[in-house]
Amino acid sequence: MNMLKLAWALACGVVALATSSMAQTPTFPDRAIRLVVAFPPGGATDVIARVLAQGLTTELGQTVLVENKGGASGMIGSELVVKAPPDGYTLLFAPSSHATLKELYPDMSFDPLRDFTPIATVARTPYIFVVHPSVGAKTVPEFLAIARAKPGIIAYASTGMGTAQHLAGEVLRRTANVEILHVPYRGSGAVRADLLAGRIQTMFDNVAVMLPYVQRGEVRGLAVTGPKRSALVPDLPTLREFDLAAAEIEGWFIVLGPVGVPDIIVQRLNTAINKVLAAPATAERLAALGAEPLVGPPQDVTTLVANDRERWGKVIREGNIKPE
């Protein structure tokens, strides 16, 4: 009888302890979440982050605030998240350039893969390959013929060394065996102004960003860089259609947290993000930006970053690409 009483007392103690622990652990989230964008407002990363934040605010029942911390090619905002408490309340919304940071800045204080907790993939978007009308090319083969006839004369622009725009041009140069000149800029405004004025002949850029200029005839779209045609410009072929699949490149966006975010919080955030991305309204808003939702588990983040780091890291090393 005494043994039964002891067992009952122990069982009651365990239940009481579990109940007490649950009472002391608030339901996540119980306050606002910071979604850090390591770039200035207005770019594709910022705009897509705000689409996600709006959906998450509804899904989680707490405000998700986009906080822009631009500078140093995304390192300032990224480092802020690395140093934040791993409680799920400070997250990083990172673009594909995050994968190659360590290749470009080997001495930086954190590792883009090792020093973060993967939370969720969000979206991917192809780029569009455009030329100024003065080039005269209406197709990719015509452009390559002109470029080969004028080696080193035609210039392609990017918003900086090692950006996706730069790497896309670098791989096209190698794959198609053409000598085109890379001209890096420090901002999107200046580069687009020079492209529209014909001072720069060509570039790769976000489909949605370039679409208005294409529609007005200020630049001419030749191809998209994804594995399939874009719904925004369905008449434009892919580079793959010209046997240039090696030059394919897609931008993507992911959510990361500091190292050590508990698995239960990771799963809560991942589930919420996937629900937002699966909503027709979100898919419609992303489609207008030339982006496609990427629903998946946290492990997909690791795969995405690791694959791009290996692929583009090789291009950066072989091309001896250095930041300005």
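We number each residue from 1, following the sequence as shown.
- Residues satisfying the salt bridge (Lys or Arg N to Asp or Glu O under 4.0 Å) test with Lys322, not counting sequence neighbours, are none.
- Under the 4.5 Å side-chain contact rule for hydrophobic residues, Met75 and Val81 share a cluster.
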Ile321 vs His182, side-chain contact (heavy atoms from CB on, under 4.5 Å): CA-CA, chis, key distance, verdict: CA-CA 11 Å; Ile321 295 172; His182 175 230; over 6 Å; no

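- By the 4.5 Å heavy-atom criterion applied to side chains, Tyr156 and Gln165 are not counted as neighbours.
- Residue-environment remark: CD (Glu310) stays at or below the threshold of 12 foreign heavy atoms within 6.0 Å.
- By the salt bridge (Lys or Arg N to Asp or Glu O under 4.0 Å) test, Arg34 is found to be paired with Glu67, residues two or more places apart in sequence or in another chain being considered.
- Pairing each heavy atom of Pro184 with each of Met161, the nearest pair is CG-SD, 4.0 Å.
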Compile the donor-acceptor pairs under 3.5 Å between side chains in residues 128-135 and protein atoms, sequence neighbours left out, one pair per line.
unit_1 : atom_1 : unit_2 : atom_2 : d
His132 : ND1    : Ser134 : N      : 3.0
His132 : ND1    : Ser134 : OG     : 2.8
His132 : NE2    : Leu196 : O      : 3.3

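- Checked options Lys228, Arg311, Arg240; the residue passing with Glu248 is Arg240 (criterion: salt bridge (Lys or Arg N to Asp or Glu O under 4.0 Å)).
- The minimum heavy-atom distance linking Gly136 with Glu142 is given by the pair O-OE1, 4.0 Å.
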Test log, rule side-chain contact (heavy atoms from CB on, under 4.5 Å), inputs Gln62 and Ile33: CA-CA 7 Å; Gln62 294 290 342; Ile33 293 173; 5.6 Å; no

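- Taking CG from Leu60 and OG1 from Thr27, the interatomic distance works out to 12.0 Å, rounded to the nearest 0.5 Å.
- Taking 4.5 Å as the limit, some side-chain heavy atom of Tyr89 sits within range of a side-chain heavy atom of Asp30.
- Formation of a donor-acceptor pair under 3.5 Å by the Thr238 side chain with backbone atoms of Val224 is not found in this model.
- Each of Lys150, Arg173, Arg148 was scored for a salt bridge (Lys or Arg N to Asp or Glu O under 4.0 Å) with Glu179, with one residue passing: Arg173.
- Side-chain heavy atoms closer than 4.5 Å link hydrophobic residues (I, L, V, M, F, W, Y) into clusters, and following such links, possibly through other members, connects Val295 to Ile48.
- At least one side-chain heavy atom of Leu144 sits under 4.5 Å from a side-chain heavy atom of Val140.
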Exercise answer: donor-acceptor pairs, residues 277-293 side-chain atoms, under 3.5 Å, sequence neighbours excluded:
unit_1 : atom_1 : unit_2 : atom_2 : d
Thr282 : OG1    : Val276 : O      : 2.7
Arg285 : NH1    : Gln54  : OE1    : 2.7
Glu292 : OE2    : Arg124 : NH2    : 3.3

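- Follow the hydrophobic side-chain contacts under 4.5 Å out from Trp252 and you never reach Val122; the two are in separate clusters.
- Atom-to-atom distance recorded for Glu103:CD and Asp308:CG is 11.5 Å, nearest 0.5 angstrom.
- Contact detail for Val66 and Ala53: the closest heavy-atom pair is CG2-CB, 3.7 Å.
- Looking only at side-chain heavy atoms (C-beta outward), Ile316 and Thr100 come within less than 4.5 Å of each other.
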Pair Ile154-Phe143, side-chain contact (heavy atoms from CB on, under 4.5 Å): steps then yes or no: CA-CA 10 Å; Ile154 291 181; Phe143 171 81; 3.9 Å; yes

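- Transitive grouping of hydrophobic side chains (ILVMFWY, heavy atoms separated by less than 4.5 Å) keeps Leu304 and Phe93 in distinct clusters.
- A donor-acceptor pair under 3.5 Å is absent between the side-chain atoms of Thr63 and the main chain of Leu65, judged by distance alone.
- Rounded to the nearest 0.5 angstrom, Tyr185 OH and Arg192 CZ are separated by 12.5 Å.
- Counting heavy-atom neighbours within 6.0 Å of Lys275 NZ, excluding the residue itself, gives a total of 12 or less.
- Side chain of Thr175 to main chain of Ala246: no donor-acceptor pair is present (N/O by atom type, distance under 3.5 Å, no hydrogens or angles).
- At distances below 3.5 Å, at least one donor-acceptor pair connects side-chain atoms of Asp46 with backbone N or O atoms of Gly42.
- No side-chain donor-acceptor contact under 3.5 Å links Asp115 to the backbone of Val259.
- Counting heavy atoms from C-beta on, the side chains of Thr302 and Gln299 never come closer than 4.5 Å.
- Closest approach of Ala120 and Val301 over heavy atoms only: C-CG2, 3.3 Å.
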Candidate pair Leu269 and Ile265, rule side-chain contact (heavy atoms from CB on, under 4.5 Å), full reasoning: CA-CA 6 Å; Leu269 288 168; Ile265 293 179; 4.0 Å; yes

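- The side-chain heavy atoms of Val305 and Leu256, taken from C-beta on, include no pair separated by under 4.5 Å.
- In this structure, CG in Asp194 is found 10.5 Å from CE in Met203, a value given to the nearest 0.5 Å.
- By the salt bridge (Lys or Arg N to Asp or Glu O under 4.0 Å) test, Arg220 is found to be paired with no residue, residues two or more places apart in sequence or in another chain being considered.
- Ring geometry for His98 versus Phe116: interplanar angle over 60°, hence perpendicular rather than tilted (30 to 60°).
- Counting heavy atoms from C-beta outward, Ser78 and Leu92 have side chains that approach closer than 4.5 Å.
- Pro95 places a side-chain heavy atom less than 4.5 Å from the side chain of Phe39.
- Between Ser73 and Tyr105 the shortest heavy-atom distance is OG-OH, 2.9 Å.
- Linking Ile, Leu, Val, Met, Phe, Trp and Tyr residues whenever their side-chain heavy atoms come within less than 4.5 Å leaves Phe253 and Ile249 in two separate clusters.
- The distance from the CG atom of Asp300 to the CD1 atom of Ile119 is 13.5 Å, given to the nearest 0.5 Å.
- Residues Gly319 and Glu170 share a closest heavy-atom pair of CA-OE2, 4.4 Å.
- Under the salt bridge (Lys or Arg N to Asp or Glu O under 4.0 Å) criterion, the residue pairs touching residues 76-93 are Arg31-Asp87, Glu79-Lys83, with sequence neighbours excluded.
- Within the model, atoms CG of Leu91 and CD1 of Ile254 stand 12.0 Å from one another, a figure rounded to the nearest 0.5 Å.
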